[in-house]
A.B. asks: 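Handing you a structure now.
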Amino acid sequence: SQTIHQWPATLVQPVGSPLSLECTVEGTSNPNLYWYRQAAGRGLQLLFYSVGIGQISSEVPQNLSASRPQDRQFILSSKKLLLSDSGFYLCAWRQTGGRETQYFGPGTRLLVL
Amino acid sequence: AQKITQTQPGMFVQEKEAVTLDCTYDTSDPSYGLFWYKQPSSGEMIFLIYQGSYDQQNATEGRYSLNFQKARKSANLVISASQLGDSAMYFCAAGFKAAGNKLTFGGGTRVLVKP
């Protein structure tokens with residue numbers, strides 16, 4: 001069966017520091033991968049998605065970037081964090097060519113101080 | 001742009017009773033999928049149920065059923081026999097073929113089940 005991992009689970013970072021959040025998927029190959037952000041008490045906003053290694057699409061202009069160095073690895077990064085980057089970051093995967101259902105990881109809570 | 005609307009910010013439901021969560025969507029795309037996710041306090045998004053726009057029958061998954069009314073563009077979630085563990089945020093989402101099947105989420109409904 002497929003599993004999706006995210007780490008770290010919680011992160012507190014100062015403004016201006018760099019960021020690297022990692023997401024990995026097991027038990028599937030060539031998945032579509034997604035990064036979402038959720039502000040407190042709000043819905044999910046799609047940040048990036050990837051249909052393959054090295055292929056990244058950005059949904060909204062922002063202070064963040066994403067990379068997919070391996071088939072089942074998706075990384076969310078920033079060179080300098082802003083206060084507004086605080087939130088709950090969720091990674092999701094979907095089987096290529098299959099139903100649109102996305103399956104989510106446990107998420108990372110980021111607090112920028 | 002596609003839009004998903006959940007008009008109920010929060011609801012109380014008595015344990016063992018049924019609850020209906022509203023969801024409407026706005027699209028001209030004839031091909032789409034509708035989803036409901038549950039988000040407990042832990043934060044993880046748990047997939048509950050899926051309905052395709054061409055499906056003739058309403059989807060059911062255990063105690064969850066989706067009341068799909070295509071002409072009204074609504075996809076309400078019905079939870080039967082509520083349990084205390086059903087207390088969570090519930091999100092409606094849709095993936096539209098014209099938008100590459102990327103999911104668009106509603107704002108969510110918080111459900112609290114009372115014993």
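Numbered from 1 within each chain, the chains take letters A, B, ... in sequence-line order.
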A.B. asks: Once rounded to the nearest 0.5 Å, what's the spacing between atom CD1 of B:Ile49 and atom OG1 of A:Thr101?
C.D. replies: 11.0 Å
A.B. asks: Closest heavy-atom contact between A:Phe88 and B:Gln39?
C.D. replies: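 Looking at all heavy atoms of both residues, the closest pair is CE2-NE2, 3.8 Å.
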A.B. asks: Let me check something: do A:Leu110 and A:Ile75 share a hydrophobic cluster, defined by ILVMFWY side-chain heavy atoms less than 4.5 Å apart, either directly or through other members?
C.D. replies: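 Per the 4.5 Å side-chain linkage, A:Leu110 and A:Ile75 are not co-clustered.
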A.B. asks: With sequence neighbours excluded, give me every disulfide bond (SG atoms under 2.5 Å apart) pair touching residues 20-94 of chain A.
C.D. replies: A:Cys23-A:Cys91
A.B. asks: Applying a heavy-atom distance below 4.5 Å, give me the residues of residues 106-115 of chain B that approach chain A, sorted by number.
C.D. replies: B:Gly106, B:Gly107
A.B. asks: Which region of A:Gln38, side chain (C-beta onward) or backbone (N, CA, C, O), has a non-hydrogen atom less than 4.5 Å from a non-hydrogen atom of chain B, or is it both or neither?
C.D. replies: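 The side chain, not the backbone.
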A.B. asks: Below 6.0 angstrom between ring centroids: does that apply to A:Phe104 and B:Phe47?
C.D. replies: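 Here the rings of B:Phe47 and A:Phe104 have centres that are no less than 6.0 Å from each other.
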A.B. asks: Just checking B:Lys16: does its NZ atom have more than 12 heavy atoms from other residues, nucleotides or ligands closer to it than 6.0 angstrom?
C.D. replies: no
A.B. asks: Tell me if the CZ atom of A:Arg42 is crowded by more than 12 foreign heavy atoms within 6.0 Å.
C.D. replies: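 Count not over threshold, so no.
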A.B. asks: Under 4.5 Å between side-chain heavy atoms, chaining through other members, with only Ile, Leu, Val, Met, Phe, Trp and Tyr counted: pull out the rest of the cluster around B:Ile46, sorted by chain and number.
C.D. replies: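 ILVMFWY cluster around B:Ile46 holds nothing else.
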A.B. asks: Are A:Val60 and A:Tyr49 connected in the hydrophobic side-chain network, where two residues link if heavy atoms are under 4.5 Å apart?
C.D. replies: yes
A.B. asks: Report, in residue-number order, which members of residues 31-38 of chain B are under 4.5 Å from chain A by heavy-atom distance.
C.D. replies: B:Tyr32, B:Gly33, B:Phe35, B:Tyr37
A.B. asks: Below 4.5 Å from any heavy atom of chain B, which atoms of A:Leu44 appear? Answer side chain, backbone, both or neither.
C.D. replies: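 Contact with chain B: backbone and side chain both.
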A.B. asks: Checking A:Glu59 against chain B: side chain, backbone, both or neither under 4.5 Å from a heavy atom?
C.D. replies: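 Interface part for A:Glu59: side chain.
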A.B. asks: Need one label for B:Ser42: side chain, backbone, both or neither, based on atoms under 4.5 Å from any heavy atom in chain A.
C.D. replies: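 Just the backbone, heavy atoms under 4.5 Å.
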A.B. asks: Do B:Leu103 and A:Tyr36 have side chains that approach each other closer than 4.5 Å (heavy atoms only, starting at C-beta)?
C.D. replies: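 A side-chain contact under 4.5 Å exists here.
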